[in-house]
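First the structure, in the form of structure tokens, and then the observations on it.
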Amino acid sequence: MSGTTVLGPAIPPTMNFIVNRTEAQLAMFLSGHATSINMTNPERAALAAFLKNP
């Protein structure tokens, strides 16, 4: 692995969706796809923030 520096563990492919989105995009996704979960907009925003910064 000439010229390659590893800074941390690789991100699992299933996490790419979260990693490649902003908190606002995640909150919007949750509002459209988690309708069976009765969450308020502030709760969705808090969950999105946690997913981005656990």
Side-chain angles (χ1 to χ4, degrees):
M1 292 194 334
S2 172
T4 302
T5 302
V6 177
L7 300 177
I11 298 170
T14 55
M15 294 296 293
N16 282 336
F17 182 83
I18 294 170
V19 171
N20 294 326
R21 306 254 173 339
T22 65
E23 287 181 24
Q25 289 171 322
L26 288 173
M28 184 178 294
F29 172 81
L30 290 170
S31 68
H33 291 85
T35 55
S36 63
I37 301 170
N38 192 14
M39 296 175 73
T40 64
N41 285 338
E43 289 170 335
R44 286 186 191 97
L47 178 56
F50 172 76
L51 291 172
K52 288 298 290 182
N53 305 295

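Atom CZ in F50 sits 12.5 Å away from atom CG in L26 (nearest 0.5 Å).
The two residues A48 and A27 come nearest to each other via the heavy atoms CB-N, 3.7 Å. Contact record, K52 with V19: NZ-O, 3.0 Å, taken as the closest heavy-atom pair.
Listed by chain and number, the residues in a side-chain hydrogen bond (donor to acceptor under 3.5 Å, both in side chains) with N20 amount to none (sequence neighbours excluded). Contacts of L47 classified as side-chain contact (heavy atoms from CB on, under 4.5 Å), with partners at least two apart in sequence or in another chain: L30, M39, L51.
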